[in-house]
**Student:** 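Right, I'll just put the structure down here and ask away after.
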Amino acid sequence: MSEGELHFTEEELQRYVDGRLDPERTRDLERYLSDHPAEAERLRVYQRQNETLHALFDPVVAEPLPERLLHTVSRRPRRWGTRAVAASLWLAVGGVAGWMAHGLDQSSRLDAASLPRQAAIAHIVYSAEVLHPVEVTAQQEGHLTRWLSKRLGTDVKAPSLASAGFNLVGGRLLPADRGPAAQLMYENTQGQRLTLYVRQKSPERQNTAFRYEQEGGVSVFYWVDGDMGYALSGAVPRPELLHVATLVYEQLNR
Amino acid sequence: MFESKDSIAEYIPRLRRYARALLRNDTLADDLVQDTLERAVSKFHLWRPGTDLRAWLFTLMHNIFINQLRASGQPPVSLEESGLEPAVASPQERGLEIRDLATALTLLPAEYREVVLLVGLEGLSYEEVARVTGVPLGTVMSRLSRGRERLRNLMAGAPAGPALRRVK
């Protein structure tokens with residue numbers, strides 16, 4: 001074997017440090033290093049660097065995880081199909097947060113207490129909720145609508161949106177400017193959620209046709225009918241939401 | 001058996017370890033982890049099932065880290081901010097050696113630090129590091145070699161070359 005055969009590339013030396021050099025070359029290299037102490041010392045130092053990195057930072061792995069990090073990943077949609085909705089909800093939360101951070105004194109296209117804005121915020125908060133999306137579930141639909149009707153002082157109905165693929169999850173009571181508001185939540189088999197938000201209309205408001213607002217990924221169709229304001233919110237395309245809003249309107253005016 | 005979105009949580013401890021070594025500041029490190037997790041949750045549809053979820057998460061973290069570096073126009077933790085003095089060679093005492101390596105790491109250019117840590121601490125293959133950092137394998141190998149040599153010189157008290165000149 002000639003001296004010329006014992007040549008190693010820098011890559012091979014690094015592989016040796018990391019234990020990723022094949023066994024035959026490793027034997028050759030170790031024979032070579034026994035004759036080249038300076039090179040051997042250099043590679044030993046590199047190996048010590050790896051060991052020291054583990055000694056320094058491995059304890060981090062055993063630390064209890066901060067709540068905020070766990071919260072980030074546990075706040076996920078229930079089903080696979082909802083990830084697009086989840087993504088837009090994340091954007092929406094950021095959008096609404098930024099929107100609110102701008103303050104109420106700044107001229108905004110929408111009044112802070114406006115129906116679509118309140119509905120969109122309530123949608124973002126509760127449609128992302130995994131454990132407690134509603135206070136009263138659809139299994140107690142009769143109780144739900146009686147309760148909400150009593151609290152809102154008007155007849156609250158839960159329209160059937162099954163023809164659009166959305167089933168009632170349940171509902172909850174929310175605070176609003178003029179007395180309480182009701183939120184009814186619907187979900188399709190892909191886990192997409194829509195919410196119908198109902199509250200007393202502003203005194204100056206007259207009946208309106210459908211109006212549309214979009215904020216931070218949440219689409220809202222809203223209208224005023226009689227004494228009540230209605231808003232249907234969802235992170236779904238506008239035509240689909242309009243279709244459902246029409247179903248809602250027709251059933252409420254039947 | 002298949003990795004899913006639920007598996008992301010399993011990698012949090014390792015993402016934290018890497019971030020801590022990268023940034024040397026507990027709060028900044030957890031901020032980086034949180035940014036990474038948020039992006040992972042929102043971009044999960046871009047992860048290809050069957051590929052290594054851990055490598056994908058490290059890729060997201062790398063991208064966020066590099067963007068933050070670019071945005072700040074400087075290393076995330078300068079020597080002054082870390083409150084650490086330049087390395088003093090006293091390798092005989094183990095405890096001191098550990099502190100020295102931690103200090104020396106902060107003096108490495110970020111792209112060297114990443115490669116040294118991904119290989120030496122996180123145990124990624126060279127090919128994985130190339131994918132995570134988006135550079136050719138040859139670049140990974142030269143960064144690894146230079147990074148390790150730079151660390152060796154720093155801990156031996158030798159001049160650190162260009163890295164030291166960044167400390168104003």
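In this text the structure is predicted, and so the values were computed from the model without any measurement. Numbered from 1 within each chain, the chains take letters A, B, ... in sequence-line order.
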**Student:** What part of B:Asp35 lies closer than 4.5 angstrom to a heavy atom of chain A: side chain, backbone, both or neither?
**Tutor:** neither
**Student:** What distance do B:Glu111 atom CD and B:His62 atom NE2 have between them, rounded to the nearest 0.5 Å?
**Tutor:** 10.0 Å
**Student:** Which residues pass the salt bridge (charged side-chain N to carboxylate O under 4.0 Å, His left out) test with B:Arg148, not counting sequence neighbours?
**Tutor:** A:Asp18
**Student:** Which answer fits B:Tyr18, side chain, backbone, both or neither, if we ask what part of it has an atom under 4.5 Å from a heavy atom of chain A?
**Tutor:** neither
**Student:** Can you tell me which portion of A:Val61 sits under 4.5 Å from chain B's heavy atoms? Options are side chain, backbone, both or neither.
**Tutor:** both
**Student:** Go through A:Glu10, A:Glu11, A:Arg15 and name the one with the most non-hydrogen pairs under 4.5 angstrom from chain B.
**Tutor:** A:Arg15
**Student:** Under 4.5 Å from any heavy atom of chain B, what part of A:Glu63 do you find: side chain, backbone, both or neither?
**Tutor:** both
**Student:** In terms of heavy-atom pairs under 4.5 Å with chain A, which of B:Gly138, B:Ala9, B:Ser145 leads?
**Tutor:** B:Ser145
**Student:** Pick one of side chain, backbone, both or neither for B:Leu105, based on which atoms fall under 4.5 Å of a heavy atom in chain A.
**Tutor:** side chain
**Student:** Test of understanding: with ring pair (Phe, Tyr, Trp, His ring centres under 6.0 Å), list the residues that count as partners of A:Tyr46, not counting sequence neighbours.
**Tutor:** none
**Student:** May I ask you to decide whether B:Arg17 forms a salt bridge with B:Glu122, counting only side-chain N to carboxylate O separations under 4.0 Å?
**Tutor:** yes
**Student:** Would you verify whether the NZ or CZ of A:Arg238 falls within 45 degrees of the ring axis of A:Tyr212 while also being under 6.0 Å from that six-membered ring's centre?
**Tutor:** yes
**Student:** Would you mind telling me which of B:Leu15, B:Leu151, B:Leu117 has the largest number of heavy-atom pairs within less than 4.5 Å of chain A?
**Tutor:** B:Leu151
**Student:** Salt-bridged, B:Glu149 to B:Arg152, with N to O below 4.0 Å?
**Tutor:** yes
